Amino acid sequence: VPAPDNVIEGSINDLVGAKILSITNSSPDPDGIAVPSTTSLIGQFRFTAAANQNMYLGPNALTLTDLLFTVSAVNVQLDQSSFVLFNASDASAVASCTANGSTGSITVTCSNLETSAVATTIASGAFADLALLAEVVNPQVNPGSSSLQVSLNGLGDRANPGTIEWNDSVFPFDWVDLPVSSVRSTSYRN
């Protein structure tokens, strides 16, 4: 009930000048293809920006600044120092990423993308396909099945920030408002 000096409570909302509309798998490889055995594309994601008519020196674009990938490498060994990110429209410009391991569940962090050579700014209503490249040292470490898959996890939950950091040409954000909690790229299997 409205009254003087009452606290107004409600859900938390953020105003944005640009927005990530969707993130999808855009890898050219189909699920179930064999684990690669050289330096290869191991995951590719399409980031689509919502169309907007907001203006800050032109229509607001969004810029991806940090991405945190989870690489599941079961019975597969990767070169921990070989991870790079590139925009599929220009594979010659890459950004080095750091990894916390070479097999098992690996966290790969691509930071400060806004200052890298990789084009991570997405115009209103446009998209960018960002790809993760790594050297597969051994596609099958031990006898038996092996698998390799890249994912972006912890999406759509403002209580779980940090998987994707971006800005809307004005303000930074450390979470995305999406109806999915994770997006997976191609599932490679031997």
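We're numbering straight along the sequence, starting at 1. It should be emphasised that the depicted structure is a prediction, and the values quoted were computed from it without experimental measurement.
T24 is not listed as a side-chain neighbour of F45, based on a closest heavy-atom distance of 4.5 Å or more. Counting heavy atoms from C-beta outward, V183 and L155 have side chains that approach closer than 4.5 Å. For the pair I23/L178, a side-chain contact is recorded, criterion being any heavy-atom separation below 4.5 Å from C-beta on. Annotation: side chain of L130 is not in contact with side chain of F86 (no heavy-atom distance under 4.5 Å). Within the 4.5 Å cutoff, no side-chain heavy atoms of T120 are placed close to those of T65. Contact of the D66 side chain with the I164 side chain is not registered, since no non-hydrogen atoms from C-beta on lie closer than 4.5 Å. Between L41 and L132 there is no side-chain heavy-atom pair separated by less than 4.5 Å.
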**Asked** Could you go step by step and tell me if V136 and T38 meet the side chain to side chain contact (heavy atoms under 4.5 Å, CB included) rule?
**Response** CA-CA 5 Å; V136 180; T38 60; over 6 Å; no
**side chain to side chain contact (heavy atoms under 4.5 Å, CB included) between T39 and L133, intermediate numbers included** = CA-CA 7 Å; T39 299; L133 186 83; 3.9 Å; yes
**Request:** List the steps and the verdict of side chain to side chain contact (heavy atoms under 4.5 Å, CB included) for V71 and F83.
**Result:** CA-CA 11 Å; V71 177; F83 288 92; 4.3 Å; yes
**Request:** Apply the test side chain to side chain contact (heavy atoms under 4.5 Å, CB included) to residues D177 and K19: give CA-CA distance (whole Å), side-chain angles for both, the deciding distance (0.1 Å), then the verdict.
**Result:** CA-CA 8 Å; D177 184 18; K19 178 184 177 185; 4.0 Å; yes
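Here OG of S102 is found 10.5 Å from CG of N138. Values are rounded to the nearest 0.5 Å. Rounded to the nearest 0.5 Å, atoms CZ (F173) and CD (E165) are 12.0 Å apart. To the nearest 0.5 angstrom, Q149 atom CD is 8.0 Å from T186 atom OG1. The distance from atom CG of L64 to atom CZ of F47, rounded to the nearest 0.5 Å, is 5.5 Å. Distance check, rounded to the nearest 0.5 Å: CD1 of I33 to CG of N190 gives 10.5 Å. Atom CD1 in I20 sits 7.0 Å away from atom CD1 in I122 (nearest 0.5 Å).
Annotation for P172 and N167: closest pair CA-CB, 3.9 Å, computed over non-hydrogen atoms. Here the closest non-hydrogen pair linking V76 and P139 is CG2-O, 3.5 Å. A pairwise comparison of heavy atoms in R158 and P161 identifies O-CD, 3.8 Å as the closest pair. Minimum heavy-atom separation, A117 to A93: O-CB, 3.4 Å. Across every non-hydrogen atom of A61 and A123, the tightest pair is CB-CA, 4.0 Å. Pairing each heavy atom of T115 with each of N112, the nearest pair is OG1-O, 2.9 Å.
Neither side chain, R46 nor T48, offers a donor N or O lying under 3.5 Å from an acceptor on the other. A donor and an acceptor atom, one from each side chain of S185 and N25, are located under 3.5 Å apart. T63 and T121 share a donor-acceptor pair across their side chains, judged by distance under 3.5 Å alone. Checked by atom type, the side-chain pair D129/S26 shows a donor-acceptor distance below 3.5 Å.
One N or O on the side chain of D31 and one on the backbone of S187 form a donor-acceptor pair closer than 3.5 Å. In this structure, S40 contributes its side chain and I42 its backbone to no donor-acceptor pair below 3.5 Å. Listed for the S27 side chain is no donor-acceptor partner under 3.5 Å among the backbone atoms of Q44. A donor-acceptor contact shorter than 3.5 Å links the side chain of D168 to the backbone of F171. In terms of modelled atom types and a separation under 3.5 Å, the side chain of W166 and the main chain of W175 share a donor-acceptor contact. Of the possible donor and acceptor atoms, one in the side chain of N75 sits under 3.5 Å from a partner among the backbone N and O of S145. Under a 3.5 Å cut-off, the side chain of S82 and the backbone N or O of A134 do not form any donor-acceptor pair. Judged by distance alone, the side chain of N52 and the main-chain N or O of S124 form no donor-acceptor pair under 3.5 Å. Side-chain atoms of Q80 come within 3.5 Å of backbone atoms of A99 as a donor-acceptor pair (strictly under, hydrogens ignored). Within the 3.5 Å criterion, the main-chain N or O of N153 finds no donor-acceptor partner in the side chain of S151.
Grouping the Ile, Leu, Val, Met, Phe, Trp and Tyr side chains by contacts below 4.5 angstrom, directly or via other members, places V141 apart from V35.
Of the residues listed (V108, T107, T109), the one engaging N100 in a side chain to side chain contact (heavy atoms under 4.5 Å, CB included) is T107, and it is the only one. Remark: of the listed residues V150, L78, T70, L78 is the sole one forming a side chain to side chain contact (heavy atoms under 4.5 Å, CB included) with I106.
Pairs engaging residues 150-190 under the disulfide bond (SG atoms under 2.5 Å apart) rule: none recorded [sequence neighbours left out]. Here disulfide bond (SG atoms under 2.5 Å apart) pairs that include residues 98-190, with residues two or more places apart or in two chains, are C97-C110.
With sequence neighbours left out, the salt bridge (Lys or Arg N to Asp or Glu O under 4.0 Å) criterion links R189 to no other residue.
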